[in-house]
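Within every chain, numbering begins at 1; the chains are lettered A, B, ... in the order of the sequence lines, protein sequences first and strands thereafter.
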Number of protein chains: 2
Amino acid sequence: MSATLQTVADALGVSRSTVSNAYSRPDQLSPALRERILETARELGYSGPNPTARSLRRGRVGAVGVLFTGSLTQAFTDPYAVQFLGGLAQATERRDTGLLLVPLSADDPDGAQRALAEAAVDGFCVYCAPNWQGSLAVINARSLPVVTTENPTEAGAATLVVSIDERGASRTAGEHIVGFGHRRIAVLDTWVTTERRNGPVRLPDPESLPFYISRERICGVRDAVVAAGGSWSDVLVLNARDNTRADGAAAAAHALDRAQRSTAILATTDVLALGVLDAMAARGLRPGHDVSVTGFDDIPDADRSGLTTIHQPSTEKGRIAGELLLDAPEDPALRRKVLPTSLIVRSSTGPAPVGSSS
Amino acid sequence: MSATLQTVADALGVSRSTVSNAYSRPDQLSPALRERILETARELGYSGPNPTARSLRRGRVGAVGVLFTGSLTQAFTDPYAVQFLGGLAQATERRDTGLLLVPLSADDPDGAQRALAEAAVDGFCVYCAPNWQGSLAVINARSLPVVTTENPTEAGAATLVVSIDERGASRTAGEHIVGFGHRRIAVLDTWVTTERRNGPVRLPDPESLPFYISRERICGVRDAVVAAGGSWSDVLVLNARDNTRADGAAAAAHALDRAQRSTAILATTDVLALGVLDAMAARGLRPGHDVSVTGFDDIPDADRSGLTTIHQPSTEKGRIAGELLLDAPEDPALRRKVLPTSLIVRSSTGPAPVGSSS
DNA sequence: TTGAAAGCGTTACCAA
DNA sequence: TTGGTAACGCTTTCAA
């Protein structure tokens, strides 16, 4: 039904190669002939080489796969993730490469594995996917390049990595808080427990957390607390159902409404931290006075809300991930990049309220 | 280098077809043989049929292209867009189909056309793309199914459409506002003018707006104003640089800071409307009292902020778009769906301040 | 239940 | 500058 390269070649009495060249290597034939070919193609309704056939022949697809766990909506709810993706798109676009979204639904592991095995891509970017271990084997079997922003330790030598010092950055926030004299501290994170609920959680040892980013960020806080002479067991751990503002608010309520109210809440993402601010606003509590709050990521809303947070170069992270993927260096040292972070102090943090140290 | 189906076949002394069947049609061979084949494949590092080759042979790619204009980041800044995409993903995932993001950069039209011509997809979804007309020809030339949520009129009979009554819905919001006695009314939208700036704009005839959604939503407001005996020339038109909260706030400033302050601002998206609320908060103005504000879309933040808005079923819209694309009905009547909308009244609207009708 | 053969639509190489 | 030929890796009849 649809016209092929052959159709056009026949119509003009030239060979397939020539028509192919008209599209893919314009310098290989006379401009006049090329124009005639393109013209005839237009008349015949031939819209250029079939992308799939071209990919097969060339051995390059022109797309990279982006893996998510959880729903797409959930992934894009976090501005950090969106910025990262934007950076990734910048890099790939420049190389005429598209982005294929591969959502890995947790309730259908077989489907997820099939999706990975059957995705027509030149490489994978693993992102927003704390529990991608099951997928790893499938991906590696395809011997395609993979870049990740997580699990640098477990990633294996073949994997490309662009990351930040999660633990160190988080510790900076912790030090900022203990430096202000806070002693009734809470940390707020998602998926700290397998139960999906908003509220306090017992977490004897944060090093045992299975998900890399959670583990590192929470341990960073612990390190700061312990270094200041505090004890991890005094830190209240709050779990949010999902990484959303609403769940952040709901979880924070448990720290705000208890008799001995926490004077500082350190959230592991800005989205959660903004939820904390929502919960405080609803109670008439002043950020940086009654309760101090920190986030992580430095999304645009953080600035608007005066949130003290850890800045990470989200867009650049995506861009570098894309460049690494499309142009993987041989040198192992160049296959892993660690990007800088910084503490941005805004109005949501301040000295611990007087008399709160008891 | 990488193992192929042939490699596995040779290793076992069976034919290619049999190995192929082991993967694609398990019922065509004995379980024992199948297991042996899969086992050998694993040993040989063969990770299953090459997706591209399979696509070529089958004539189906297993991906649909999603077109954006503007940057990805910008597109995903609007929760409406994210919800729509989530719905689309739901539908495609169920059919083992991926989503290929195709960002069409405005400053590189040639690159954009190439991206469209070369995208390996089974269909296209056009979305968040007010000015996609240039792409239309390229897409149509490929004779692939296309679904759009915009431009139902210009779309052509072949195009699948899932839309809402933009003008009617917007008119509802307008009627709500004039019903409250407001007469100093402003409308706030993006890209009303080619100049990319925040502020008032002269717009003698909204019917002349080139972008469908802008035109329809603004005309809806005009209809309501005129029906109530008002005049379009009394309506202040504000342009926001981009569809962001910050630009919404900046543009709204012009309506809030003028001598005869607008008593009602109707934004064409919730994101812009939330920006208006930000600008009001900064000035100590009370929504629904000093100034009434409406939005459009009913994103989650709208509820949180008490924003009166038009609800549209964003996720369902995406889901239906996906289903239409993957299973296009022959019957022309079924190829176009119009989804319902409703006015959600919250606290951001109220009676016009006393004495404001002058 | 298994195998042989014929493409799917293109590009790359080499020769003319 | 142009054309012939041989893949790219797979699926799908159809026959055994």
Side-chain angles (χ1 to χ4, degrees), chain A residues 1-38 40-41 44-62 96 117-122 141-144, chain B residues 1-38 40-41 44-62 114 117-122 141-144:
Chain A
M1 47 152 283
S2 203
T4 81
L5 210 154
Q6 182 80 256
T7 326
V8 180
D10 291 350
L12 275 140
V14 299
S15 83
R16 295 209 298 273
S17 328
T18 306
V19 180
S20 174
N21 284 335
Y23 285 96
S24 307
R25 327 178 85 179
D27 49 316
Q28 294 295 301
L29 72 176
S30 65
L33 178 56
R34 182 173 130 89
E35 197 35 69
R36 261 179 61 216
I37 291 177
L38 262 35
T40 327
L44 264 44
Y46 176 71
S47 59
N50 176 311
T52 308
R54 164 179 282 194
S55 295
L56 177 59
R57 182 60 240 232
R58 286 189 165 167
R60 179 180 181 281
V61 176
D96 287 324
E118 299 182 357
V121 295
D122 300 313
R142 293 192 55 179
S143 57
L144 291 173
Chain B
M1 48 154 282
S2 202
T4 79
L5 207 150
Q6 183 79 255
T7 325
V8 180
D10 291 350
L12 275 142
V14 300
S15 81
R16 296 210 298 273
S17 334
T18 307
V19 181
S20 173
N21 283 335
Y23 285 95
S24 307
R25 326 178 83 181
D27 49 316
Q28 296 294 301
L29 73 176
S30 65
L33 178 56
R34 180 172 133 90
E35 197 36 67
R36 262 179 61 216
I37 291 177
L38 263 34
T40 327
L44 264 43
Y46 176 71
S47 60
N50 175 309
T52 308
R54 165 180 281 193
S55 295
L56 177 60
R57 181 60 235 234
R58 286 189 167 165
R60 179 179 181 280
V61 176
R114 223 183 29 243
E118 297 181 358
V121 295
D122 299 314
R142 294 191 57 181
S143 58
L144 291 173

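Here the CZ-OG distance, from A:R25 to A:S17, works out to 11.0 Å after rounding to the nearest 0.5 Å. Expressed to the nearest 0.5 Å, how far OG1 of B:T52 lies from CG of B:L56 amounts to 9.0 Å.
With A:V8 as the partner, the side chain to side chain contact (heavy atoms under 4.5 Å, CB included) test is satisfied by one option alone out of A:D10, A:L5, A:L12: A:L12.
Heavy-atom neighbours of A:R34 CZ from other residues, nucleotides or ligands within 6.0 Å: above the threshold of 12.
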Checklist entry - When you check every protein heavy atom under 4.0 Å of nucleotides 2-12 of chain C, what one-letter string (B, S, -) results, 5' to 3'? => result BBBBBBBBBBB

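With rounding to whole Å, A:D27 atom CG is found 14 Å from D:dT2 atom C1'.
No hydrogens or angles considered: a donor-acceptor pair under 3.5 Å links the side chains of B:S15 and B:T18.
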